[in-house]
A.B. asks: 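Here it is, the structure in full.
Keep in mind it's a predicted model, so treat the numbers as computed, not measured.
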Amino acid sequence: MSELLSGIRVLDLTNVLAGPYCCYQLAQQGSDVIKVEQPGSGDLARQLGADPALNAQLMGVSFLAQNAGKRSIELDLKSPEGKQAFLKLVGTADVLVENFRPGVMERLGLGHEHLLSLNPRLIYCAISGFGQTGPLAKNPAYDQIIQGLSGVMSVTGDADSSPMRVGYPVCDTIGGMTAAFAISSALVGRQRTGRGEVIDVSMLESMMGTMGWVVSNWLTAGIEPLPMGNQNTTAAPSGTFRTRKGLLNIAANKQEQFEILCGLIERPDLLHDPRFQKREARKQHRQALTEELEAALQAATAQQWALTLNAKGVPAGEVLTVPQALRHPQIQARKLTCTFPASPGRAPLSVVRSGFRLASGDPAPRTPPPTLGQDTEAILEELGYDADARSAFGATHPTLRPTGGPPAASSHDNNEREQ
C-alpha cells in the first residue's frame, strides 16, 4: 500500500461527495484522515444511496463509496467542549478540508486566519460550488447546477437530446480531484517554505478547467461548441457504431487507421470515394460514412470487432454497462476494486481505488468506512483527554452517549453543510 502521505494528518469536515472524494484520495496515499462529523447525523451521504436499510444504519452506499480508510469523530463545533477538542485537533493536523458555504467557518469562530494563527503549517482547503468570492459565492451548488453553468450540459447529448446531464456527479468528482491535487502541491511547497497555505477550490472553475478543447474552440477559433452525441468533432470515423450485437466505439483518427479499417471490414472501395478520401471530407460526410460502416459491421459482434480492430492498430472498444465494465478482464487484472471481508455487523464491501499505480505500493484504503463516531474515544485519548475527562466530556456531549437508533434525516445541502 502507498505510504507517500504517511504521517500527514487530514481533518475532513466535508459532506456528501466533492470533499469526501478529495479526502478519500489522500487516505489512499497513507494519510491519517479524521472525519469530523456532526453528532447524531454525520455526513449527509450516510443517508443516501440505493439501499434503504444501509441508509437507516447511517452507512448509505453514497457514504461507503468514498470514505474507506478514514476515522470518524463526532464533534459539535457550536459547543464549547466540541470547539475546544476541535482546536486541539487542528494543532495536530497538516491539512483541513471543508465544504461549508463561504462564511460558515468564520461564523463558528474557526476561519482560516484564526486556525493558521494557531498552526502556521496548516494547509486549509475550502471547496465550494463557486469559490469564496464573486457574485455567486454564497449560492447553493449541487452537481447538476454546476454542470449547467459550466457549459458541459450544452455539449452533452445530441441535437435532439441536448442539453443533457452527464450520468454521474462529474463536477463534484472533478472538484474533489482538483482539491486533492492542490493539497498535494501545497504539501510539497510547505517542505520548502515551512508555511501553510489557504486553498480556494471552485467546482465551477475546476470543471471548466477540464473542458480544454471545448473551451478553446470558442476562445481561440471563435466556434461555439455544439452537442454531437457519440461523434468526435475532430475526426471521422470516430464515434459509436452498431454491430451485429452490441455497440462499438471506433476512433480511426489517423488516415492510416481509416485505411486499415476499410480493409478489415472488406470495404476498400470507401478509400476511393471522394466523400471519404480525406479527413475533412469525412467529417463533412460523417452520416453517410456511418451508414456504410454500420452495414459492414453487421458481419460480427462488437466484442469480435474490438479484438480484430485493436489487433491491427485501429482503436476500438465495446460500449459496456457498469457491471460489465467491472467484470472486464482489464479491470480485474489491474485490481481496481478493494474488498474488505465481512466482520461482525458488517457485510463484505468492495470500493473503487485510485486510477493509478505506484512502484512503491499501490494507493488503497486500509480500513472500511467508519461508523458514525466510532473513533471518538480513541481520538480524544490521543488529544490528551484521560478517562475521567472523556467521561465528563461525554456527559454533556452526545458524541459518547449510546443512541437508540438513527437520527432524523439532515437538511444539509451538498457542498454547503452548515452546522
Side-chain angles (χ1 to χ4, degrees), residues 3 5-15 20 23-24 26-27 30-43 45-46 56-59 63-64 67-98 105 108-110 114-122 124 340-346 349 365-408 410 417 419:
E3 299 290 341
L5 293 180
S6 178
I8 297 296
R9 172 167 285 182
V10 179
L11 303 186
D12 177 0
L13 279 70
T14 67
N15 201 41
C23 295
Y24 181 47
L26 304 177
S31 62
D32 175 23
V33 178
I34 298 176
K35 193 165 182 67
V36 180
E37 302 193 69
Q38 180 150 327
S41 57
D43 187 337
R46 289 183 176 277
Q57 298 167 27
L58 298 185
M59 294 297 282
F63 176 81
L64 298 176
N67 284 286
K70 303 179 185 180
R71 299 195 285 165
S72 171
I73 181 172
E74 291 179 276
L75 289 178
D76 181 355
L77 300 185
K78 290 182 178 179
S79 74
E81 299 88 356
K83 185 173 291 187
Q84 178 190 46
F86 176 72
L87 292 175
K88 286 192 175 196
L89 262 182
V90 169
T92 71
D94 298 281
V95 178
L96 182 150
V97 187
E98 54 99 344
M105 288 292 278
L108 290 169
L110 300 172
H114 177 50
L115 297 185
L116 265 72
S117 71
L118 301 176
N119 181 357
R121 289 175 55 82
L122 182 69
Y124 183 110
F340 297 101
S343 60
R346 287 178 180 256
L349 174 68
R366 287 150 177 76
T367 56
T371 57
L372 179 59
Q374 74 171 36
D375 304 292
T376 300
E377 283 267 11
I379 295 170
L380 289 174
E381 185 175 5
E382 291 173 14
L383 294 176
Y385 289 89
D386 60 22
D388 290 339
R390 295 198 303 275
S391 177
F393 190 92
T396 58
H397 191 275
T399 297
L400 304 181
R401 294 202 303 266
T403 58
S410 166
R417 183 179 61 152
Q419 294 191 13

A.B. asks: Which atom names give the shortest non-hydrogen contact between Lys70 and Tyr24, and what distance separates them?
C.D. replies: CE-N, 3.7 Å

A.B. asks: Is Thr367 close to Arg71 at the side-chain level, that is, under 4.5 Å between some pair of heavy atoms?
C.D. replies: no

A.B. asks: Do the numbers put Lys35 on top of the ring of Phe63, so that NZ or CZ is under 6.0 Å from the six-membered ring centre and no more than 45° off the axis?
C.D. replies: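 Here Lys35 fails the 6.0 Å and 45° test against Phe63.
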
A.B. asks: Which pair of heavy atoms, one from Gly42 and one from Asn15, lies closest together, and at what distance?
C.D. replies: O-OD1, 4.3 Å

A.B. asks: Given side-chain contact (heavy atoms from CB on, under 4.5 Å), test Leu383 with Leu89 step by step and report yes or no.
C.D. replies: CA-CA 7 Å; Leu383 294 176; Leu89 262 182; 3.8 Å; yes

A.B. asks: Between atom CD1 of Ile379 and atom CD of Glu381, what is the distance when rounded to the nearest 0.5 Å?
C.D. replies: 11.5 Å

A.B. asks: Say whether Glu37 and Ser72, considering side chains only, have a donor N or O and an acceptor N or O under 3.5 Å apart.
C.D. replies: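 Looking only at side-chain atoms, Ser72 and Glu37 do form a donor-acceptor pair, the distance falling under 3.5 Å.
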
A.B. asks: Would you mind reporting whether Tyr124 and Val90 have side-chain heavy atoms less than 4.5 Å apart?
C.D. replies: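 No, side chains not in contact.
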
A.B. asks: Counting distance only, does the side-chain N/O of Asp94 pair as donor-acceptor with the main-chain N or O of Arg9 below 3.5 Å?
C.D. replies: yes

A.B. asks: Any salt bridge linking Glu3 with Arg366? Criterion: basic side-chain nitrogen under 4.0 Å from a carboxylate oxygen.
C.D. replies: yes

A.B. asks: What closest approach, in Å, do Ala68 and Phe340 show between heavy atoms, and which atom pair accounts for it?
C.D. replies: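 Ala68 and Phe340 have their closest heavy atoms at CB-CE1, 4.0 Å.
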
A.B. asks: Within this structure, what is the NE2-CG distance for the pair His114 and Leu108, rounded to the nearest 0.5 Å?
C.D. replies: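 Between His114 NE2 and Leu108 CG, I get 11.5 Å after rounding to 0.5 Å.
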
A.B. asks: To the nearest 0.5 Å, what is the distance between NZ (Lys83) and NZ (Lys88)?
C.D. replies: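 That separation rounds to 16.0 Å.
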
A.B. asks: Would you compute the distance between atom SG of Cys23 and atom CG of Asn67 and round it to the nearest 0.5 angstrom?
C.D. replies: 8.5 Å

A.B. asks: Minimum heavy-atom separation for Ala389 to Asp386, with atom names?
C.D. replies: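 Reported closest heavy-atom pair: N-OD1, 2.7 Å.
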
A.B. asks: With rounding to the nearest 0.5 Å, note down the distance linking CG in Asp375 to CD1 in Ile73.
C.D. replies: 8.5 Å

A.B. asks: Are any non-hydrogen side-chain atoms of Leu87 and Leu110 less than 4.5 angstrom apart?
C.D. replies: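 Result yes, sub-4.5 Å side-chain heavy-atom pair found.
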
A.B. asks: Shortest non-hydrogen contact from Leu13 to Glu98?
C.D. replies: CB-CB, 4.1 Å

A.B. asks: If you compare all heavy atoms of Asp12 against all heavy atoms of Pro20, which two are closest, and at what distance to 0.1 Å?
C.D. replies: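 In terms of heavy atoms, the two residues are closest at OD2-CA, 4.2 Å.
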
A.B. asks: Is a donor on one side and an acceptor on the other found under 3.5 Å between the side chain of Asn119 and the backbone of Ala93?
C.D. replies: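 At least one qualifying donor-acceptor pair exists.
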
A.B. asks: To the nearest 0.5 Å, what is the distance between CE on Met59 and CG on Leu64?
C.D. replies: 5.0 Å

A.B. asks: Mark yes or no for whether Ser31, through its side chain, and Leu5, through its backbone, hold a donor-acceptor pair below 3.5 Å.
C.D. replies: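 Pair absent, no side-chain N/O of Ser31 close to backbone of Leu5.
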
A.B. asks: Give the C-alpha distance, both sets of side-chain angles, the deciding distance and a yes or no for side-chain contact (heavy atoms from CB on, under 4.5 Å) between Ile8 and Leu26.
C.D. replies: CA-CA 9 Å; Ile8 297 296; Leu26 304 177; over 6 Å; no

